[in-house]
Amino acid sequence: MPYWLMKTEPDTFSIDDLANMPDQTTIWDGVRNYQARNYIRDKIKIDDNILIYHSSCRNIGIVGWATVVRDAYPDPTQFDPSSRYYDPKATEENPRWFSVDVKFNNKFNQLVSLATLKDIDGLKALPLVKKGSRLSVMPVSNSEWKIINALAN
DNA sequence: GCCAACGTTGGC
DNA sequence: GCCAACGTTGGC
């Protein structure tokens with residue numbers, strides 16, 4: 001089963017916010033990067049697992065994981081002029097941006113910090129730890145998933 | 001808050 | 001199609 005990692009700013013939406021949602025489920029909206037969009041639209045499927053990463057905050061790192069419960073569909077915020085994610089060039093007939101729904105699964109007992117991730121040889125290929133990488137949705141291999149789960153316990 | 005690195009835009 | 005200018009990301 002494929003694995004992924006998605007970034008979120010906890011000040012905007014944290015893993016605790018996800019755990020507190022009705023049915024512990026939310027739309028993952030606001031992705032506005034083409035490479036990340038392509039993963040969401042074309043690759044990410046129901047039952048795939050998603051590591052949740054907190055960025056731009058005090059405690060940076062992977063905090064837990066969720067599971068995809070709905071395949072890609074047009075991100076409604078692109079059509080909403082009042083949304084910060086509004087995109088005037090997107091149309092219902094020709095949407096640019098896509099979302100999936102994700103459901104909370106587990107919060108790690110301890111955060112796996114970015115500094116820790118950068119220190120592990122088996123994680124060097126992960127875009128997250130590469131200098132200058134800004135990709136907000138990325139694939140995670142089976143072995144990377146295992147390493148990260150081991151670090152979380 | 002700073003700023004390096006990156007992705008996108010738009011003039012040519 | 002190039003590339004300068006701009007806006008954004010995200011660690012520190």
Side-chain angles (χ1 to χ4, degrees), chain A residues 2-21 26-44 48-68 72-102 104-141 143-153:
Chain A
Y3 302 107
W4 306 90
L5 180 147
M6 292 183 175
K7 296 181 184 176
T8 183
E9 296 186 16
D11 291 346
T12 303
F13 191 84
S14 72
I15 193 166
D16 294 319
D17 294 329
L18 176 59
N20 289 326
M21 292 290 284
T26 192
I27 177 174
W28 203 266
D29 59 12
V31 174
R32 293 294 181 270
N33 165 282
Y34 288 105
Q35 194 178 352
R37 187 280 309 271
N38 291 346
Y39 284 133
I40 288 175
R41 187 189 57 189
D42 304 333
K43 303 290 187 189
I44 298 181
D48 287 2
N49 289 323
I50 310 287
L51 292 167
I52 305 292
Y53 175 87
H54 282 176
S55 67
S56 298
C57 60
R58 188 179 185 84
N59 296 307
I60 299 166
I62 299 171
V63 289
W65 57 289
T67 301
V68 177
Y73 59 103
D75 179 345
T77 62
Q78 70 193 301
F79 309 125
D80 177 3
S82 69
S83 169
R84 63 175 287 214
Y85 299 120
Y86 178 61
D87 182 346
K89 292 183 180 166
T91 64
E92 305 267 358
E93 300 73 31
N94 210 349
R96 268 193 179 184
W97 307 112
F98 288 80
S99 291
V100 291
D101 288 354
V102 304
F104 176 81
N105 206 309
N106 182 42
K107 184 176 175 180
F108 291 154
N109 293 325
Q110 61 181 45
L111 160 143
V112 182
S113 73
L114 178 60
T116 298
L117 295 166
K118 282 180 170 173
D119 267 350
I120 308 291
D121 280 342
L123 300 178
K124 298 294 186 203
L126 200 60
L128 185 76
V129 303
K130 292 190 176 166
K131 182 179 165 73
S133 172
R134 289 162 41 168
L135 190 59
S136 60
V137 175
M138 69 190 73
V140 174
S141 72
S143 65
E144 288 163 346
W145 174 269
K146 281 183 192 163
I147 290 168
I148 291 163
N149 269 277
L151 292 170
N153 294 318

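In what follows, chains carry the letters A, B, and so on, assigned in the order in which the sequence lines appear, proteins first and then strands, with residues in each chain numbered from 1. Both backbone and side-chain heavy atoms feed into the values below; hydrogens, waters and symmetry mates do not.
- Under the 4.0 Å criterion applied to side-chain N and carboxylate O atoms, A:Lys107 and A:Asp16 are assigned as salt-bridge partners.
- A salt bridge between A:Lys43 and A:Asp48 is absent, with no side-chain N of the basic residue lying under 4.0 Å from a carboxylate O of the acidic one.
- Here A:Lys130 lies out of heavy-atom contact (under 4.0 Å) with every strand.
- Inspection of the A:Arg32 and A:Thr77 side chains reveals an N or O donor paired with an N or O acceptor under 3.5 Å.
- Legend: residues meeting ring pair (Phe, Tyr, Trp, His ring centres under 6.0 Å) with A:Trp97, ordered by chain and number and at least two apart, are A:Tyr34.
- Counting non-hydrogen atoms of other residues, nucleotides and ligands closer than 6.0 Å to CG of A:Asn109 gives a total of 12 or fewer.
- Each of A:Asp101, A:Ile40, A:Val100 was scored for a side-chain contact (heavy atoms from CB on, under 4.5 Å) with A:Tyr73, with one residue passing: A:Asp101.
- The 5' end of DNA chain B is approached more closely, in terms of each residue's nearest nucleotide, by A:Lys131 than by the other of A:Lys131 and A:Lys89.
- The two atoms that bring A:Thr12 and A:Asp17 nearest to each other are O-OD2, 4.2 Å, heavy atoms only.
- Within the 3.5 Å criterion, the main-chain N or O of A:Gly30 finds a donor-acceptor partner in the side chain of A:Asp75.
- Chain A approaches DNA chain B within less than 4.0 angstrom (heavy atoms of the protein), and the contacting nucleotides run 5' to 3' from B:dA5 to B:dG10.
- For DNA chain C, the neighbouring residues in residues 111-119 of chain A, judged by any heavy atom under 4.0 Å, are A:Leu114, A:Lys118.
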